[in-house]
Amino acid sequence: MKKMKLAVIGNGMAGIRTLEELLKLAPELYDITVFGAEPYPNYNRILLSPVLAGEQTVDEIILNGLDWYAENGIRLHLGKTVSRIDRVKRQVITTDGIVEDYDRLLIATGSSPFILPIPGKDLPGVITYRDIHDTECMIEAAKHYRHAVVIGGGLLGLEAANGLKLRGMDVTVIHLAEWLLERQLDPVAAGLLQQSLEAKGLQFRLSTQTSELLANDAGTRVAAVRCQDGSEIPADLVVMAAGIRPNTSLAEAAGLACQRGILVNDTLQTYDPRIYAVGECVSHRGMAYGLVAPLFEQAKVCANHLAFMGIGRYTGSVTSTKLKVTGVDLFSAGAFMGGDGMEEITLSDPVGGVYKKLVLKDDHLVGACLYGDTADGTWYFKLLREGRKIAELRDTLMFGENNIGDVGHEGHNKAMAMADTDEVCGCNGISKGTIVKAIQEQGLFTLEDVRKCTKASGSCGSCTGLVEQILMNVLGTDYSDTPTKKALCGCTDHSHDEVRKSIREHHLLSQQEVRQFMEWRTPNGCASCRPALNYYLISTWPHEAADDPQSRFINERAHANIQKDGTYSVVPRMWGGLTNPAELRRIADVAEKFNVPTVKITGGQRIDLLGIRKEDLPAVWKDLDMPSGHAYGKSIRTVKTCVGDEHCRFGTQSSMKMGVDLEKMLFGMYSPHKVKLAVSGCPRNCAEAGIKDVGVIGVDSGWEIYVAGNGGIKTEVAQYLCKVRTDDEVKEYSGAFLQLYREEGWYLERTVHYVSRVGMEVIRQRIVNDAEGRRALFERLLFALRGAPDPWKAQEAAGVDWKQFQSVRLATSAEGALS
Amino acid sequence: MSLVETRETWIAVLALEDIPMLGARVVEGAAIGPVALFRTEDQGVFALRDRCPHKGGPLSQGIVHGHRVTCPLHGWNIELDSGEAVAPDVGCAKRLSVMVKNGQVYLSKAELTGAP
């Protein structure tokens, strides 16, 4: 079949990103032709500032070299300007007469700097700041001239001014508004910024309008700038950075509707359904975006539609700001100026150079403006985009996310303050320098990119916040935040919630049905979505949806924990941490019989036998004759107990009995992630119930129940849920909480993350206040767990793949057997 | 492939149905070490040396999806038909020849014994 033709006008970041996304989805669908007016392959425009500042070179900011175009069979016309689009003949025509046909056309012409219509604007030495050519002009001018004036104190203007200053020029910034970055900062933060830039040697003329550019005596080059108040500033170089205008002339001439940008709908389609547009040239719902993050979101949606997949809508972006000037740390997002019906929380330390303002409206964070300490910018931005209720966080909101307990990165929580050699990711041994280098050299924009390329934050995830900070520091404004809606995995654009909802509402019973119904991109998923789907199916439709062992991680498939050398560990269940001489004898016998190299007491009051060969597992289980400890599963792990009132002179309640009862009730419970409980018999809390998913603490008059604690990566103290009187109530309340988590938690989300996502208020409402709902939850839990088989004993009922333990052996010596 | 040739150069290791769909089985005792046999949904059968190029994890214990397997230890993805790690990871698990005939899976004798 003859391929369709796709023509792309514009070789910049938005257009090429769209192609990259498209090639991922449908590599064979189109014959692709790209027109680029600049003589360079696709480069990272964001990093022009570091090039100007002398921190990087042009070669280093190329994103896709010429070989990339060749490898993907893309025809590239470099240095060619498209002069006309013929929509009737479906052709694109360049100024020098090249004609290309198209079936689909993508317009990504970007924007142009706004040239002030003042006398002298065409003099030599007057330039804009947009592309590699402009950057090179500035670098060249800095070698020969002394005085530079930048018109415009916005992001681009300040970055240009900073770069020119670093290259040795005297720089004055003329700005029309009353304070710098008036679209990104409030006056207080802008004042601090101005002070710190003045300390670097920049000069400012605020509330000043430029009226004319004056030539030198010979009339060969600009020599000065005259302001409206009549004053003159010497200038051998004038950089116009007073805003950008979308490049729409081509589209307008072709009869496409434009209104301060080419009008597109939520699928990035223009008024001609064969023609799409993305990037800075576009006007979407009345907004034109000049930052990379929104462009990339557009690219993803546009590619999906170009690939005829037809899912995904672009509904607009919330953007944040970060200035790429080394040593200046500022961040803003949302409605940072505040206003009617909004509240502000501020922290101001002018001497320390720190200013923070948070803007709230109806229990939501709607804006943030940070200066001097932006470590929490990514966190605030996330809260803002997710629209999470922050009533519970309000007291501590100003102090940021990282004021307690993350481990694994030397106690750092501010990426800016880290040296290049400091370790960011303690799991994979990745230093800050390695991450920065990867972002710059390989053109990374998102957390996912960094994870893929460097592995940083890809294991336990505790350093995610740090990596996001590094991304933001390196890429500045154009850091692409994780989207509000998180796709389950690369196989789909649907979120965990959407998948769960479909399974529930449409009574889907197999993964195949889910993948078909929700239009998965892969035939049988991937290692991320398969275990998730399997869990969602069996937890939503217990006793109805069939478990798929091949969609379980090896530990749950083999019912033991895989170790680094491929052997397994076995942890038999000891209800509530209690055992007896007969069990201990059997464990000792097994350890000797199977030459178990390591026997260890676990943190959950169990005994771990490590180093067992897979083929020995069935025999080990049989000899142990104890229930599976499920120490390998996203499931109920252990209920840890203290001695309690049976022996302890301080004990107020029978914690051992309570623990055993809870553990028996929950036996065989699979959950989004592992679940650990503890029961203490008095507030001295020897069972450490304060860091468990459910912690139960005995008091004289009954039991206190705490939920969503965590002793792992991020130490989180469990939150008080309620106090109950009887043992049965403990079971009902904690069971209902766990069932809620099982029904609504995302796969691999611990209770602490689940509760912080939905809010403790919601949990209290549904478990404590809503008695009927609680009982229904509890009943559903008991129904799901009814007759839960023990995989170590009832293999068939538990659906254990038995053949996996019988390895196929080529008889004795391979040579002998085969001859 | 003629039957005569089969007898001489291929060795029957197990029945196709012994490999679970989207799963794997291990064949022990070859000179090159354990060999993992994978079965994909489109009825493909692939053999790789059961050692992830990253840190030696047993690929046979991973999750099979499409024509790939994800190593159980650190999540590297390996292409079943070439043994190559999926970018950005770099490395290769040795691929072995497989023949499936009448529901029986065969491996190459030469490759198993390590002969040239």
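Atoms considered below: every heavy atom in the structure, side chains included; atoms not considered: hydrogens, waters and symmetry mates.
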| task | Give me the contact list for residues 613-621 of chain A versus chain B, heavy atoms only, anything under 4.5 Å, ordered by residue number. | result | A/Lys614, A/Glu615

| said: If the condition is side-chain contact (heavy atoms from CB on, under 4.5 Å), which residues does B/Arg25 pass it with, not counting sequence neighbours? | reply: A/Asp801, A/Lys803, A/Gln804, B/Leu14, B/Ile19, B/Pro20

| request: Could you give me the CA-CA distance, side-chain angles and deciding distance for B/Val64 and A/Gln550, then say whether side-chain contact (heavy atoms from CB on, under 4.5 Å) is met? | output: CA-CA 8 Å; B/Val64 180; A/Gln550 300 307 333; over 6 Å; no

If you look only at distance, which donor and acceptor atoms sit under 3.5 Å apart when one is on a side chain in residues 91-99 of chain B and the other is two or more places apart or in another chain?
from    : atom 1 : to       : atom 2 : distance (Å)
B/Ser97 : OG     : B/Glu111 : OE1    : 3.3
B/Ser97 : OG     : B/Glu111 : OE2    : 2.8

| Do side-chain atoms of A/Asn524 reach the backbone of B/His65 as a donor and acceptor pair under 3.5 angstrom? | no

| request: Say whether, by atom type as modelled, one donor and one acceptor occur between the side chain of A/Arg557 and the main chain of B/Gly62 under 3.5 angstrom. | output: yes

| Is chain B contacted by the side chain of A/Pro549, its backbone, both, or neither, given a heavy-atom distance below 4.5 Å? | neither

| message | If I measure from the heavy atoms of chain B, does A/Thr522 come under 4.5 Å with its side chain, its backbone, both, or neither? | response | neither

| request: Sort by residue number and list every member of residues 35-47 of chain B having a non-hydrogen atom under 4.5 Å from chain A. | output: B/Glu41

| request: Name the region of A/Gln442, side chain, backbone, both or neither, that has any atom closer than 4.5 Å to a heavy atom of chain B. | output: neither

| said: For A/Ser528, which atoms come within 4.5 Å of any heavy atom of chain B: side chain, backbone, both, or neither? | reply: neither

| Atom CD1 of A/Ile554 and atom OG1 of B/Thr70: how far apart are they, to the nearest 0.5 Å? | 12.5 Å

| note | Honestly, the part of A/Arg552 sitting under 4.5 Å from a heavy atom of chain B is backbone

| task | Show your working on side-chain contact (heavy atoms from CB on, under 4.5 Å) between A/Val808 and B/Val26 and close with a plain yes or no. | result | CA-CA 6 Å; A/Val808 182; B/Val26 191; over 6 Å; no

